[in-house]
Each structure stands twice: as structure tokens, then as C-alpha cells.
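Here is the structure we will look at, set down as C-alpha cells.
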Amino acid sequence: MGNSERDSVRQATSWIMTHPDHLDPRDAAKLRDLRRRNHDLNRLVTHVRTFAAMMTGRHGERLDE
């Protein structure tokens with residue numbers, strides 16, 4: 001894996017792990033584009049955001065959903 005590929009993976013990971021309200025608009029647009037192009041990545045982002053909301057809001061009762 002070349003450096004540019006690793007950087008791209010790191011960038012995408014950063015966009016996924018950053019709260020959507022804190023993403024730079026340009027990065028948010030890039031993440032939207034990635035999500036449109038890759039169904040699995042879109043599902044991953046949905047799971048990560050749901051889990052983050054559950055953990056920060058302490059909604060442990062939602063684990064069965």
C-alpha cells in the first residue's frame with residue numbers, strides 16, 4: 001500500500017470518526033461521495049454514528065435494536 005493510499009484511508013477514517021457537525025464542509029462532501037459510491041462503507045458510517053450516539057447519550061437500552 002502506497003503512502004497516498006494510506007493517507008486516503010486515514011482521511012476517510014477521520015471523516016467517519018468525526019461528529020458530522022464538526023466536519024469541514026469539504027470533508028463532509030467527500031464523505032457523502034464515498035458513501036454514495038460504496039454501500040458497505042455507507043452501512044459502516046451508519047453503524048459508527050449510531051454507536052457513537054448511543055455511547056455519548058448513554059442509551060444502553062438500545063443495544064438490542
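You'll find the side chain of D33 reaches within 4.5 Å of the side chain of R36, heavy atoms only.
Linking Ile, Leu, Val, Met, Phe, Trp and Tyr residues whenever their side-chain heavy atoms come within less than 4.5 Å leaves V9 and V45 in two separate clusters.
Listed by chain and number, the residues in a side-chain contact (heavy atoms from CB on, under 4.5 Å) with A29 are R32 (sequence neighbours excluded). H39 is linked by a side-chain contact (heavy atoms from CB on, under 4.5 Å) to R43, counting only residues two or more places apart in sequence or in another chain. Applying the side-chain contact (heavy atoms from CB on, under 4.5 Å) rule to S14 yields the partners T18; only residues at least two apart in sequence or on another chain are considered. Residues meeting the salt bridge (Lys or Arg N to Asp or Glu O under 4.0 Å) test with D24, sequence neighbours left out: R26. Considering only residues two or more places apart in sequence or on other chains, N42 meets the side chain to side chain donor-acceptor pair (under 3.5 Å) condition with R35. Under the salt bridge (Lys or Arg N to Asp or Glu O under 4.0 Å) criterion, D40 pairs with no residue, sequence neighbours left out.
Across all their heavy atoms, L34 and A12 have their closest contact at CD1-CB, 4.0 Å. Residues W15 and L31 approach most closely at O-CD2, 3.8 Å, considering heavy atoms.
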### Task
Take L41 and I16 through the test side chain to side chain contact (heavy atoms under 4.5 Å, CB included) and record every step on the way to the result.
CA-CA 9 Å; L41 184 65; I16 292 167; 3.7 Å; yes
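We find the CZ-CG distance between R49 and L44 to be 10.5 Å, quoted to the nearest 0.5 Å.
No option in Q11, R10, M17 other than M17 meets the side-chain contact (heavy atoms from CB on, under 4.5 Å) test with T13.
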